[in-house]
Amino acid sequence: MILHGYWRSGAAYRTRIALELKGLSYQQQGHDLRTGAQKDPAYVALNPQGMVPALEVPTDSGVAVLTQSPAILEWLEEAHPTPALLPSDALGRAHVRAMAALIGCDIHPLNNLRVGKALREGFGADQAAVDAWAARWILPGFEALETLVARHGAGWSYGDAPTLADCYLIPQIYSAARFNVALDAFPRLLAIDEAAKTHPAFVAAHPDNQPDAG
């Protein structure tokens, strides 16, 4: 498998976490979003949206290219079910998917690189304004997530082992730090982040440990 990503991309980060948790071998191809490398025609031929991540996977007839991290993570769970990143029961799976979507749909899309660039270039925002924009969406989302973790977590976001919810949470905590968003009000989320700092899969997936970091 070949993962096309960018070391600091939250969506690529969550995909790396899932790959590492599954114990899967993969190569990486970095595309520097700061320079617009993701819009190179050769890459757009693979992923017409010109965004990361994309995952090339071998098939009986050649190679398939998967795009959009939620679809990639769901494919990983179906194609490589052990260890499971979703609970065994339908209700539990719905809860984990909801926690992941809370971040993936309602927080992350509003504080990624292209949104920050649009705020700066289109609206004249300085870094303080960009940070305030990010906090506006991260804080209420994390407030809800803190409540859900209190309800369902037992060391991780849901239960006592990492799930897809944690694949989404840890990159968003990393992003919050980049935007100088204080997270002291969310002790349960911070405890999960601390657990991730010593978990081999999360350590391997961390942005600082990627070949294109810098």
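Just so it is clear, the model here is predicted, and its values are computed rather than measured. FYI, the numbering just counts along the sequence from 1.
- Remark: side-chain polar atoms of Trp133 are not paired, donor with acceptor, to backbone N or O of Gly116 under 3.5 angstrom.
- Here the side chains of Leu110 and Arg136 are not in contact, with every heavy-atom distance at 4.5 Å or above.
- Cluster membership check: Ile2 does not share its hydrophobic cluster with Ile17, using side-chain heavy-atom separations under 4.5 Å among Ile, Leu, Val, Met, Phe, Trp and Tyr.
- Residue His4 holds its NE2 atom at 3.5 Å from CD of Glu56, rounded to the nearest 0.5 Å.
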Worksheet item: Run the ring-ring contact (aromatic ring centres under 6.0 Å, His included) check on His108 and Trp137 step by step: do they pass?
Response: CA-CA 9 Å; His108 175 252; Trp137 310 108; over 10 Å; no
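- No donor-acceptor pair under 3.5 Å is formed between the side chain of Ser157 and the backbone N or O of Gly153.
- Residues Arg34 and Tyr6 have side chains that bring a donor and an acceptor to within less than 3.5 angstrom of each other.
- In this structure, the side chains of Val130 and Phe179 come closer than 4.5 Å at one or more pairs of heavy atoms.
- Taking CG from Asp40 and CD from Gln38, the interatomic distance works out to 10.0 Å, rounded to the nearest 0.5 Å.
- The heavy-atom pair separating Val44 from Gly50 by the smallest distance is CG2-CA, 4.3 Å.
- Residues Ser25 and Met1 fail the side-chain proximity criterion, which asks for heavy atoms closer than 4.5 Å.
- Around NZ of Lys39, the count of heavy atoms belonging to other residues, nucleotides or ligands within 6.0 Å exceeds 12.
- When atom types are taken as modelled, the side chain of Gln28 and the backbone of Pro211 share no donor-acceptor pair closer than 3.5 angstrom.
- Phe186 is listed as a side-chain neighbour of Leu139, based on a closest heavy-atom distance under 4.5 Å.
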Worksheet entry | From CA spacing to verdict: side-chain contact (heavy atoms from CB on, under 4.5 Å), Leu85, Leu73 | CA-CA 9 Å; Leu85 299 182; Leu73 268 59; over 6 Å; no
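- Among all heavy-atom pairs drawn from Tyr43 and Pro53, the shortest one is OH-C, 4.1 Å.
- To the nearest 0.5 Å, atoms CD (Glu146) and CZ (Arg188) are separated by 5.5 Å.
- Of the possible polar contacts, none joining the Glu20 side chain to the Phe202 backbone as a donor-acceptor pair under 3.5 Å is found.
- A donor-acceptor pair is defined here as one N or O able to donate and one able to accept, closer than 3.5 Å; such a pair exists between the side chain of Arg93 and the backbone of Ser88.
- Under the 4.5 Å side-chain criterion, counting only non-hydrogen atoms from C-beta, Lys197 is not in contact with His206.
- Rounded to the nearest 0.5 Å, atoms CZ (Arg16) and CG (Leu55) are 12.5 Å apart.
- Rounding to the nearest 0.5 Å gives a distance of 11.5 Å between CH2 of Trp75 and OG1 of Thr15.
- Side chain of Asp212 to main chain of Trp7: a donor-acceptor pair is present (N/O by atom type, distance under 3.5 Å, no hydrogens or angles).
- How far OG1 of Thr67 is from CG of Asn47: 5.0 Å, rounded to the nearest 0.5 Å.
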Practice prompt. Given side-chain hydrogen bond (donor to acceptor under 3.5 Å, both in side chains), test Gln127 with Arg120 step by step and report yes or no.
Written response: CA-CA 8 Å; Gln127 188 59 49; Arg120 292 183 181 91; 2.6 Å; yes
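- The closest side-chain heavy-atom distance from Leu189 to Leu183 is not below 4.5 Å.
- A 6.0 Å sphere centred on CZ of Arg114 holds no more than 12 heavy atoms belonging to other residues, nucleotides or ligands.
- The closest donor-acceptor contact from the side chain of Asn209 to the backbone of Val203 lies under 3.5 Å.
- Of all heavy-atom pairs spanning Leu21 and Pro83, the tightest one is O-CG, 3.2 Å.
- Using a 4.5 Å heavy-atom cutoff, the side chains of Leu24 and His80 are in contact.
- Closest heavy-atom contact between Tyr158 and Thr163: O-CG2, 3.7 Å.
- Ile103 is connected to Val52 through a chain of hydrophobic side-chain contacts under 4.5 Å among Ile, Leu, Val, Met, Phe, Trp and Tyr, so both are in one cluster.
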Validation: residues 167-175 side-chain donor-acceptor distances under 3.5 Å, sequence neighbours left out:
{"residue": "Gln172", "atom": "NE2", "partner": "Asn111", "partner atom": "OD1", "Å": "3.3"}
{"residue": "Ser175", "atom": "OG", "partner": "Asn111", "partner atom": "OD1", "Å": "3.0"}

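- Among all heavy-atom pairs drawn from Ala213 and Pro207, the shortest one is CB-O, 3.5 Å.
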